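All values derive from a computational prediction rather than experimental measurement. All chains are named by letter (A, B, ...) in the order of the sequence lines, taking the proteins before the strands, and each is independently numbered beginning at 1.
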2 protein chains.
Amino acid sequence: MSEFFEKSPQSCHGCQCMSPLFSMLNKEELDLVDANKIHVNFKAGETIKKQGTFMSHVLSVNSGLAKLYIEGIEGRSAILRIVKPTSFIGGPGIYYDQRHHYTITALIDSSVCFINLQVFKGVLKGNQAFAEEFLKDFSRDVLTVYNRLIYLTQKQMPGRMADALLYLFDEIFLQPKFPMILSRFDLADLSAMSRESAVKILRDFQKEGLLKISDHEMEILDEEALRKISRIG
Amino acid sequence: MSEFFEKSPQSCHGCQCMSPLFSMLNKEELDLVDANKIHVNFKAGETIKKQGTFMSHVLSVNSGLAKLYIEGIEGRSAILRIVKPTSFIGGPGIYYDQRHHYTITALIDSSVCFINLQVFKGVLKGNQAFAEEFLKDFSRDVLTVYNRLIYLTQKQMPGRMADALLYLFDEIFLQPKFPMILSRFDLADLSAMSRESAVKILRDFQKEGLLKISDHEMEILDEEALRKISRIG
DNA sequence: AACCAAAATTGACACATATCAATTCAAATC
DNA sequence: GATTTGAATTGATATGTGTCAATTTTGGTT
């Protein structure tokens, strides 16, 4: 078997890479998941899931980082969120139409488990606590989209870019200095503007000393100023 | 008891006004819902539910029409959808934090049932088919928000307004001529623009013969042209 | 019918943003 | 190391959009 499509070398039992969601499962349930999952490694840039395809499996990101985005009009995309380990990815298609409603692309080399959807649904049915946790997870994702809708439609570019950067700080890297895994294009998709505008805003932020970008690294120098820009809009 | 706060005069059994979701319930479950619901009439303009408040109940709109919107930055709002009878309103707060994440305001006189949240959750737990249907409903709502996010961020004003009007046609009134229950302000909130811009776009549409607005009525005259504007963006 | 308050309308203007074309830079490939 | 490709950058320009202020219309109230 190739290294890019293989049965997970290790069992789900004791796996530190699985989404915390699965800690709600008992031994039998986890066995079932274990027996019906596929483990795949992706290289940076590869598409993990394509919008519109049939949802045969749900995903759990074990390691790496990925962008989750909706493909919109004329090639434009809206990044909904950055997916970090260890997180579960389902989406509204699970119960609506069994399709994926977004595309997921690896930003760095990533390892993902694909869990058979019917098995997953079966386990959900049988385990109330698991179902509740799943719904909580899903609901949190929905709320971030609400939030996104508001800030993307009601703030202007500097505020939107500040929000994007603070999102990376607060939710993904948890520290002011982090690797530049997102291209300017990606940052533009994350804040709903053109690449050129993204470049200009980032240049302005650097000129004002809020930000430093160098050697594949980005560092937030003045968090408070960024938060103020976010607030002002 | 006042007419604005009363136990529903009729039982849920045989009620034609309840969301189809509840048709999945058996007699005992419906009895439980019946015994734990409150029926309230609202006049046009009244707030049915306020964003941020504790979610003690979920809602079912029996008659009337309402706008469901997120209160955003500095008094601006984003209308997520128009609520028509007979539909269920829950939202991500049910499983996340038991709060309402949007405000609902009656556009015309409306009648709403409030169902105790704990009772509702209890019934959900006990009835798998009901739970599935609920999730399907919820997921559909989420998808409309995805859709909204894309068209609000990737189209410009004429496209956004065309989408808003076609939404009213396709999803709410199902006919080209309908009462003007939405103010220009509301139409602006539905298409993420200023009131003045909404007025101008609507004027343009009328000039081009796509639309007729008169006497509290709006009529879509050239549906195809509107769809084209929607497509072009 | 007259009045008032709110909503709708308008045009002028300023600002925000996208687009375009040209250039530089960086990384990957041979 | 030379070459090539794609990404990033830049400034000029055109367009889109919001804001403001003034006016008109509408609907409701007395």
* Nearest-neighbour nucleotide for the Gln156(A) side chain, dT9(C), dT17(C), dT17(D) considered -> dT17(C)

* Atom CE of Met180(B) and atom P of dA8(C): how far apart are they, to the nearest Å? -> 7 Å

* Starting from P on dA6(C), measure out to CZ on Arg195(B) and report it in whole angstrom. => 15 Å

* Expressed in angstrom and rounded to an integer, what is the separation of Glu196(A) atom CD from dG6(D) atom P? -> 17 Å

* When all nucleic acid strands are considered with a 4.0 Å heavy-atom cut-off, which category describes Ser194(B): base, sugar-phosphate, or nothing? -> base

* Polar contact flag, side-chain donor to acceptor under 3.5 angstrom, Ser191(B)-Tyr151(B) -> no

* Please confirm whether any donor atom in the side chain of Lys155(B) sits under 3.5 Å from an acceptor in the base of dT17(D), or the reverse. => no

* To do: For Phe185(A) and dT5(D), give me the distance from atom CZ to atom P, rounded to whole Å.
  => 20 Å

* To do: Whole angstrom is fine here: how far is it from CD in Glu74(A) over to P in dA18(C)?
  => 14 Å

* To do: For atom NZ of Lys136(A), decide whether the heavy atoms of other residues, nucleotides or ligands shown that lie under 6.0 angstrom number more than 12.
  => no

* Rounded distance (Å) that lies between atom P of dG16(D) and atom CG of Asp204(B) -> 11 Å

* Asked: Between Lys212(A) and Asp222(A), is there a salt bridge with N-O shorter than 4.0 Å?
  -> no

* To do: Grab the CE-C1' distance between Met193(B) and dT19(D) for me, whole Å please.
  => 16 Å

* Asked: What is the nucleic acid contact for Arg203(B), judged by heavy atoms within less than 4.0 Å: base, sugar-phosphate only, or nothing?
  -> sugar-phosphate

* Of the nucleotides dA8(D), dT10(D), dG18(D), which one has an atom closest to the side chain of Met157(B)? -> dG18(D)

* Asked: Of all the choices, dC20(C), dA8(D), dA12(D), which nucleotide is nearest to the side chain of Lys200(A) once you look at every atom?
  -> dA12(D)

* To do: Could you check Val199(B) against Ala192(A) and say which one's nearest nucleotide on DNA chain C is further toward the 5' end?
  => Val199(B)

* Return the value, rounded to whole Å, for the distance between atom CD1 of Ile201(B) and atom P of dT9(C). => 13 Å

* Report yes if at least one side-chain N or O of His216(A) is closer than 4.0 Å to OP1 or OP2 of dA27(C); otherwise report no. => yes

* Reckon Arg160(B) touches a base, only the sugar-phosphate, or nothing at all at heavy-atom distances under 4.0 Å? -> sugar-phosphate

* Structure fact -> Closest of dT17(D), dA21(C), dA8(C) to the Arg184(B) side chain is dA8(C)

* Asked: With a cut-off of 6.0 Å (strictly less than), are more than 12 heavy atoms of other residues, nucleotides or ligands near CD of Glu74(A)?
  -> no

* Asked: With no hydrogens and no angle check, do the side chains of Thr103(B) and Glu71(B) hold a donor and an acceptor under 3.5 Å apart?
  -> yes

